[in-house]
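Contents: one structure, followed by commentary.
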Amino acid sequence: MSGLRVEEQPDRLVVTLDRPEKSNAIDADLIAALHEVCAELETRPRMLLLTGGTEGIFAGGADIAQLRERGRLEALAAINSAAFARVRALPMPSVAAVDGPALGGGAELAYACDLRVCTGRAVFGQPEVRLGILAGAGATHRLPALVGEARAKELLFTGRRVGSAEALRIGLVNRVVAAADELLPTAHGLIDEMVKGSALALRLTKLAVDAPAAAHPHLDLVSQAVLFADEEKHRRMTEFLQRRRGG
């Protein structure tokens, strides 16, 4: 896939942004490849681990040369935001592993994932207003959900960059690792913990968490009813009771 390296594992897809000569800038070819990844994960749901590798860059943003030439019709086509929304809506959880800068569209791609792990040299930022545009690929609604409205507005209005320590403190990332060689093992470890659960329960939990407030509690009740009728629920609870009894 152009701009991506994809490694298939039985329970996850590991996708690495692969445009090192362009600081992993997000261009139209990479977006097309990302749609292919999403199509695969929608058809055969598995976890997604999305990374820029451990070379000190996640994604330096959208490809400015392409972005400069786009007009209002291209903006209305939601080229980047549609792909990131598709990542966000994947059936199973996703984890972004961030080493180095995640700026502009790169940051928004990380926000589209459910969880984020980063190294100490990770930096997040939305410089769009300084380029005469807005952060239109998800940051205006995902960033407030992650860090709160006032803090998100500050970051979006000023373009200020956030280092790893602050990102952890404000809830932008879930974990920070000390060294680059710990990044992917930590991200895989998070996925390993998640896959211990029921795949159907994970899917429905993600669906419920991402649903609008008006969908609750009705969605929760229907989802729970589906799970209560699932054979895996009975098996898992039986095994739990047997372990507790020492059986």
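One-based numbering along the sequence shown. Just the heavy atoms: all of them, side chains too, but no hydrogens, waters or symmetry mates, feed the values below.
When the shell of 6.0 Å around NE2 of H234 is examined, it contains 12 or fewer heavy atoms from other residues, nucleotides or ligands. Within a 6.0 Å sphere centred on CD of E21, heavy atoms belonging to other residues, nucleotides or ligands number more than 12. The local environment of CZ in R86 is crowded, with over 12 non-hydrogen atoms from other residues, nucleotides or ligands closer than 6.0 Å.
One hydrophobic cluster holds both L155 and L168 under the rule that ILVMFWY side chains link at heavy-atom gaps under 4.5 Å. In the hydrophobic clustering of this structure, V195 groups with V95; members are Ile, Leu, Val, Met, Phe, Trp, Tyr whose side-chain heavy atoms approach within less than 4.5 Å, directly or through other members. The hydrophobic cluster containing L183 does not contain V176, counting ILVMFWY residues as joined when their side-chain heavy atoms lie under 4.5 angstrom apart, directly or transitively. In this structure, L156 is a member of the same hydrophobic cluster as I170, with clusters built from ILVMFWY side-chain heavy atoms closer than 4.5 Å. Residues L109 and L41 fall within the same hydrophobic cluster, defined by Ile, Leu, Val, Met, Phe, Trp and Tyr side chains chained together at heavy-atom separations under 4.5 Å.
A distance of 6.0 Å separates OG in S198 from CG in L227, rounded to the nearest 0.5 Å. Distance CZ/R243 to OG1/T238: 10.5 Å, rounded to 0.5 Å. The line from CE of M194 to CG of L115 is 5.0 Å long, rounded to the nearest 0.5 Å. Here the NZ-CG distance, from K22 to L30, works out to 13.5 Å after rounding to the nearest 0.5 Å. In this structure, the separation between CZ on R203 and OG on S223 is 11.5 Å, given to the nearest 0.5 Å. Expressed to the nearest 0.5 Å, how far NE2 of H216 lies from CG of L221 amounts to 11.0 Å.
In this structure, the side chain of T119 does not engage the main chain of A180 through any donor-acceptor pair within 3.5 Å. The backbone N or O of A25 lies less than 3.5 Å from a partner atom in the side chain of R19, making a donor-acceptor pair.
Considering only heavy atoms from C-beta on, L49 comes within 4.5 Å of L184 through its side chain. For the pair R12 and H188, the minimum side-chain heavy-atom distance is below 4.5 Å. Within the 4.5 Å cutoff, no side-chain heavy atoms of F58 are placed close to those of R116. Taking the side chain as every heavy atom from C-beta outward, L13 and E8 approach each other to under 4.5 Å. Contact check for I57 versus P20: no side-chain heavy atoms found under the 4.5 Å cut-off. Looking only at side-chain heavy atoms (C-beta outward), V147 and F124 stay at 4.5 Å or farther from each other. Taking 4.5 Å as the limit, every side-chain heavy atom of L146 sits out of range of all side-chain heavy atoms of R151. For the pair E40/V37, no side-chain contact is recorded, criterion being any heavy-atom separation below 4.5 Å from C-beta on.
Among residues two or more places apart in sequence or in another chain, the side-chain hydrogen bond (donor to acceptor under 3.5 Å, both in side chains) test is passed with E239 by R235.
When all heavy atoms of D29 and S2 are compared, the pair lying nearest together is CB-OG, 3.4 Å. Residues A83 and C38 approach most closely at O-SG, 4.5 Å, considering heavy atoms. For the residue pair A59 and L17, the shortest heavy atom distance occurs at CB-CD1, 3.8 Å. Nearest approach of L50 to C113, heavy atoms of both residues: CD2-SG, 4.0 Å. The two residues P127 and G125 have their closest heavy-atom pair at CD-O, 3.5 Å. The heavy-atom pair separating V129 from F157 by the smallest distance is CG2-O, 3.6 Å.
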Side-chain donor-acceptor pairs of residues 134-145 under 3.5 Å, sequence neighbours excluded:
none

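Every pair passing salt bridge (Lys or Arg N to Asp or Glu O under 4.0 Å) that includes a residue from residues 117-140 is listed here, sequence neighbours excluded: D99-R121. Sorted by first and then second residue, the salt bridge (Lys or Arg N to Asp or Glu O under 4.0 Å) pairs with a member in residues 101-115 read R88-D114, D114-K206; sequence neighbours excluded. Among residue pairs with one or both ends in residues 163-187, those qualifying as side-chain hydrogen bond (donor to acceptor under 3.5 Å, both in side chains) are R160-E166; sequence neighbours excluded. Residue pairs meeting the salt bridge (Lys or Arg N to Asp or Glu O under 4.0 Å) criterion with at least one partner in residues 217-231, sequence neighbours excluded, are absent.
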Walk me through whether D11 and K196 qualify under salt bridge (Lys or Arg N to Asp or Glu O under 4.0 Å).
CA-CA 11 Å; D11 57 5; K196 291 177 182 177; over 6 Å; no
Give the C-alpha distance, both sets of side-chain angles, the deciding distance and a yes or no for side chain to side chain contact (heavy atoms under 4.5 Å, CB included) between K233 and L200.
CA-CA 10 Å; K233 168 253 190 181; L200 182 58; over 6 Å; no
Intermediate values then yes/no, side chain to side chain contact (heavy atoms under 4.5 Å, CB included), E42 and L90:
CA-CA 6 Å; E42 289 159 358; L90 287 172; 4.2 Å; yes
Criterion side chain to side chain contact (heavy atoms under 4.5 Å, CB included) on R46 and M92, from CA distance to verdict:
CA-CA 6 Å; R46 284 159 289 164; M92 297 293 281; 5.7 Å; no
